[in-house]
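Proteins get letters first, then strands, A, B, ... in listed order; numbering begins at 1 in each.
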Protein chains: 2
Amino acid sequence: MQDFFSPRGIAVVGASRDPARIGHHILKNLKAAGYAGPIYPVNPSGEEILGLPSYPRLADVPGPAELVVLALRTDALDAFLADLEARQAARGDVRALVATGAGYAEIGTEEGRRRQERLTSACRRLGVRILGPNCIGVADTRTGVDTTFLSVPHLRPGAVSLVSQSGGMVAWLYGLWAGEPSSPGLARMVNVGNAADVSLAEAVRFLGADPDTRALGVYVEGTTRARDLLDAIAGAARDKPVVVLKGGLTEAGGAAAASHTGNLAGTGPLWEGTLRQAGALVARSPEEFTAFLTAAERLWPAVGAPGAGTTSRGDADSPGSAEPLRVAILTNAGGAGVLASDALWGESGGAAVPAHLDPATLEAVSAVLPPFAAVGRPDGYVDATAGASPAHIARAAARLAADPGVDLVFLIVLSTPYIPADVLAREVDAALTEAEAMPGTRSGLAPVATVLPAGPLQAAGREGFARAGRIALPSLHSGARAVLALARYRMWRAARGWQRPWREAAAVAAGNGAPPGRLLGEREAARLLAEWGVPFPPARFASTPAEAVAAAGDVGYPVVLKVASPDIAHKTDVGGVRLGVSGPAEVAAAWEEIMAAVSRRRPEARIDGMVVQRQEPPGVELLVGGLRDPSFGPVVTAGLGGIFAEVYRDVAWRLAPVTEADALEMLRELRGYPLLTGARGRPAVDLGAAARVIAAVSRAVARVPGLREVDVNPVLLYPDRAVAVDALVRLDG
Amino acid sequence: MQDFFSPRGIAVVGASRDPARIGHHILKNLKAAGYAGPIYPVNPSGEEILGLPSYPRLADVPGPAELVVLALRTDALDAFLADLEARQAARGDVRALVATGAGYAEIGTEEGRRRQERLTSACRRLGVRILGPNCIGVADTRTGVDTTFLSVPHLRPGAVSLVSQSGGMVAWLYGLWAGEPSSPGLARMVNVGNAADVSLAEAVRFLGADPDTRALGVYVEGTTRARDLLDAIAGAARDKPVVVLKGGLTEAGGAAAASHTGNLAGTGPLWEGTLRQAGALVARSPEEFTAFLTAAERLWPAVGAPGAGTTSRGDADSPGSAEPLRVAILTNAGGAGVLASDALWGESGGAAVPAHLDPATLEAVSAVLPPFAAVGRPDGYVDATAGASPAHIARAAARLAADPGVDLVFLIVLSTPYIPADVLAREVDAALTEAEAMPGTRSGLAPVATVLPAGPLQAAGREGFARAGRIALPSLHSGARAVLALARYRMWRAARGWQRPWREAAAVAAGNGAPPGRLLGEREAARLLAEWGVPFPPARFASTPAEAVAAAGDVGYPVVLKVASPDIAHKTDVGGVRLGVSGPAEVAAAWEEIMAAVSRRRPEARIDGMVVQRQEPPGVELLVGGLRDPSFGPVVTAGLGGIFAEVYRDVAWRLAPVTEADALEMLRELRGYPLLTGARGRPAVDLGAAARVIAAVSRAVARVPGLREVDVNPVLLYPDRAVAVDALVRLDG
């Protein structure tokens, strides 16, 4: 992909003098972006365009044209491909093509698909990589390559790169960022559009390895290769924060979520669970995405380790930390501080806690603030009050940042006519710089994340903080959530989430049009899952009542009798199950009752006999399932059984296989987790045993060839063990 | 309160030439805000300040001084009060005082409390109303009164008024709004600070009745009189949207949430439920608060009724609508449109749905858009694509707004170098104005809410929309949530939520320091609640085994036996309960067993006998509770029993008493509501019967003198009835 970002020579095919044509704006933008190599407009007229000599055909371009930007209408595609072929035959120097414009596969017609196929097959043959079609291409603030018609020159160059499926979302983000001092700085941008050649995953891998990219932002709507994208994200997240904005999370259903287990989810929860697994920082809106990237660019790796600070405490290989981030809040605007406490401490989900301030810190902070300031009330919280001057605030921030019990200072400031925003920024920067330089500050200061209101009149303050290399966020809520996202990323690193046990799985999956598959009988299903480590109660097959009595004696009373028939999937519905059978006479009676009920309701069904299983006592019910999704490959889900999964949608999803540690994380993610740890005075269940069942099911889903769907429901959890009492397995037809 | 907003003459006591003093900035701001009456600086020096002659004492001021702004340090308070007394003795013209500055009750010391008491008692005696102390006062963009030291002159005058407990939050909001074209326009602002005299509720009532205020924003952190505030909000919401931002929603515990039922809640859920009951639009961040107010100012009452439009369809007395808002989305930025669909349709909680577009609309919209536009895919959604010109977008918006099946058009636009934002604004405004004027458009157009990105470079577009009187919102997510908030307000109006049955309740409540109270015995508790309409199973009291057998015959087998003792609160814990007793012999046996168990575990307890209650079959378990809170007064709660309430916190709160309709709304609010309507193939329960129990408990909580806490848990719900099987009632000691 390097050819897209640092080509020797760029040709713009369809460049135009007419400002109503996109080819005009692309050329204009490219010139303004400062690309140092030669730029060749290509236009049949051959006239000069925007001061550059133009050429009638690509083949006529005199110098190198490693990157070609195609800005023609689709009806000119075939002529262009002929021109490209001529160029390659003559010079062979074209290596990359940005195919802008709509009218390809995205319009959903056969004509569009055929057009895209002509483009891709020609380029494959000619050795040219394609970005798009239906994309705005790339931008690189270092090399000045910019194939868009947007306002890249107005963006601040920096260390954040973007990968977007949608060109419109890139434009929207530029609309948010351009001219705003607190926005992230841009390194590189790639818009893959229809992704006929370069995929989202390839772009993520490329920028994940890019040394100029310190944080990566990804906008995704949908892909037929979700697993590959998640693999790329997890790989990139090993080295840097990857922020993801997912469009279409609420889209109901879809082919991915099949039959029973699938109904619990839709694709949204599947994306949420697997993005979390891949270490992504998942934002919910363009504003959050922006704040997360600003924070990632400026605060990582400073917040990467416990007590990590800006100067010497953190480094790029930060190991992360399993501990919550200890945050101190300092404000000169009371109400805003209260709201930040809600967002950072009250809704952190365990990712952040109030920093416990050292008595020496409390004393030092009180000493530098006005008399009515509230210091350490509550712990970790300092309200400097509206009477505090910029110098007061700056000194207090520096004292808090020097407390070894503080991982991050969240500084909420507001300028007023007598607290000028730019002075505030200068004073805070000066105080922190001075404190950092102090010989006693051996382990460095905690980073300071500053929030100022978003309004234009506060822009001078945001500008001042940004210019000083200090982070300035324009929204309390997004800023707080950005800090929490980094705190969770820190935890993911501590758990070494990038190790990806799920990479082992062959990502083979049946397509959408596949036949319905074949349901295994209960005995076969249990046998298959038991081989992978799922524990079932003792059970025997019996083909006569006498065998059933003997079997019951073997497994131990009480027992359950279940009819065994290749024709009956839902045994309970036809009276095919008897629970709590407690002696030999009852076994014989239950046999007769089941036979009578089944032959009445399903007279045509072939009956092999009965399964006699030991009856387990009541326990906490877990459901564990898995399926092979065409886009995600093998996935595993776990949730509290019955109502909790169905009504409260309280299930967690992961790519399979997972380790036991991953499985424990899935259980902790459930809102109903307290039910497993002893809520309402119940005994806590054996979490390790539960996790082992999840991991075992995930291995089966990932490794059994042709396995399409597994549903183990319920798994009964006890204080000392877990046991699966029913299972359904579906194989490819 | 009118005296604060249109006084004849304002004196600023503590006005100063020194820009480091707050009195300097208040005077400067007041002059700049354009107040037309006389302004009198008061300063011991008697020098001219900012071009105005100043006076050594308030008593020396020659003209009317109906409003006094106190900008002195607290050590000068007593001298000021003497001066005020002299003024009133001589002229008696001071009617209102804005008391700025800290050092009063908010610092939590006895000295601060005494200082505040001296201020309030003096003013009460002298007939002067106080705002504050510890506040920044008032602003009025019509009269030019402005007692703050903030940048009010930079705010756009408009129809939104603010009531804030915190001055810092007002400053924060000004920081967001000043200079931003899409921000709400300000009518009036009141900051109550410590609220020693003028309360939040009084300010809300005053501005609720203010004809210049079309929408009201309220920031609240906490109050000892929550019920009064909620009453004021509901009263104001009868006439106009009231947007509330609540700080400290996550604050754990507090005196409000008492003992058992309280533990489920904390004050956050109590606030959330009661604010919803009062018709407030509850925002979660300053950015949402801003977007909600902008939307309320511009879109209400246009979206107030089904098919309501900007010109003739809505009016100020809009009745609201019980139907979801039918929203069409039009975008020229694909990704942003997808995210808006998530936010508006996928996460609407039933408040909004995609508009079903008329075939004629689809045809007309397709005709005015470029060839590759996606029109009505999915229903209600139009992606005009990046190739659409301002004229294309404008015409499509007008066609959508004219569809009678559309209640609101959500227009998401993005300017690029060839779609200039200001041109876009002009074109959209022109197309809508033209369509509104068309004779065929009898019922008016649906309102169009436009979203543009927040960045400075898109400000020209936001400015253009705002200038044309068209709403422009700067955030997709906040904008979408603002529309949903108005849709819910529309539903609240349809339910006539302002009728406030809970006003009947005497808001008497025990204070925090009250004694623990007295627990009623089960029979008394059931008798009390039954009088208010809570149904219990048939039950008899028995003092001997023979009486118990007779009682069981009366109520019908199976029965439950429960020990009756004034000394035993938790009967089950001491073996005092036997379930499922199915015949006379079993009754006698159960009696012996209970007596033995209880006398073994609680030998000292006095035993009156047993309650013999008919055993009810298993049903869906509801919990219904209530308490009398010192700040909220009588409140009622309902939730699914057991785990659902405790682990999932799935309970709803309201001020008591509630109507059955309110109670049904509480049930619908539960995430577990599908369990009541037949999820998992269960029969649906009798919702009316459940609602009647909630309403009955709420009446008891509101009207029984000295009733402190009720916990009816569980109420068993069946398809045809509801019955309470256990109840706890606590009265004031």
- Task: Under the side chain to side chain contact (heavy atoms under 4.5 Å, CB included) rule, what do B:Asp650 and A:Tyr648 come out as? Steps first, then yes or no, please.
- Result: CA-CA 10 Å; B:Asp650 193 11; A:Tyr648 288 82; 2.4 Å; yes
- Query: What's the shortest heavy-atom distance between A:Asp342 and B:Gly248, and which atoms?
  - Reply: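 Heavy-atom minimum between the residues: OD2-N, 2.7 Å.
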Interface residue of largest heavy-atom contact number with chain B, from [options], under 4.5 Å:
options	answer
A:Gly334, A:Ser415, A:Ala336	A:Ala336
A:Ser341, A:Gly455, A:Ser285, A:Gly387	A:Gly455
A:Gln165, A:Met169, A:Lys28	A:Met169
A:Pro456, A:Ala459, A:Ala333	A:Pro456
A:Gly337, A:Gly335, A:Gly168	A:Gly335

Could you have a look at [options] and say which one has the most heavy-atom pairs with chain A under 4.5 angstrom?
options	result
B:Ser166, B:Ser164, B:Ala386, B:Ala171	B:Ala171
B:Pro19, B:Ala421, B:Gly167, B:Gly103	B:Gly103
B:Ala454, B:Gly101, B:Gly672	B:Gly672
B:His25, B:Gln458, B:Glu180, B:His24	B:His25

Go through the atoms of [X] and report whether side chain, backbone, both or neither lie under 4.5 Å from a heavy atom of chain A.
X	value
B:Leu670	neither
B:Leu173	neither
B:Val451	both
B:Pro371	neither
B:Asn332	neither

- Item | Atom group of A:Pro474 that falls short of 4.5 Å from chain B, counting heavy atoms |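 A:Pro474 touches chain B through backbone heavy atoms alone.
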- Message: Under 4.5 Å from any heavy atom of chain B, what part of A:Leu452 do you find: side chain, backbone, both or neither?
- Response: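 For A:Leu452, the backbone is the part near chain B, not the side chain.
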- Message: With rounding to the nearest 0.5 angstrom, report the CG to CZ distance, A:Leu476 to B:Arg284.
- Response: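 Going from the CG atom of A:Leu476 to the CZ atom of B:Arg284 covers 14.0 Å.
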- Out of B:Ser478, B:Ser475, B:Pro453, which one pairs with A:Glu287 under the side chain to side chain contact (heavy atoms under 4.5 Å, CB included) rule?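 Looking at B:Ser478, B:Ser475, B:Pro453, the match for A:Glu287 under the side chain to side chain contact (heavy atoms under 4.5 Å, CB included) is B:Ser475.
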- Can you check side chain to side chain contact (heavy atoms under 4.5 Å, CB included) on B:Tyr219 and A:Val338, steps first, answer last? CA-CA 11 Å; B:Tyr219 176 74; A:Val338 169; 4.0 Å; yes
- Message: For a side chain to side chain contact (heavy atoms under 4.5 Å, CB included) check, start with the C-alpha distance between B:Arg671 and A:Arg671, then their side-chain angles and the critical distance, and finish with the verdict.
- Response: CA-CA 13 Å; B:Arg671 277 175 284 141; A:Arg671 278 174 284 140; 2.5 Å; yes
- Please walk me through it: do B:Leu457 and A:Tyr174 pass side chain to side chain contact (heavy atoms under 4.5 Å, CB included)? CA-CA 9 Å; B:Leu457 295 194; A:Tyr174 283 16; over 6 Å; no
- Query: Does B:Trp172 reach the side chain of A:Ile412, with side-chain heavy atoms less than 4.5 Å apart?
  - Reply: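 The answer is yes; the side chains approach within 4.5 Å.
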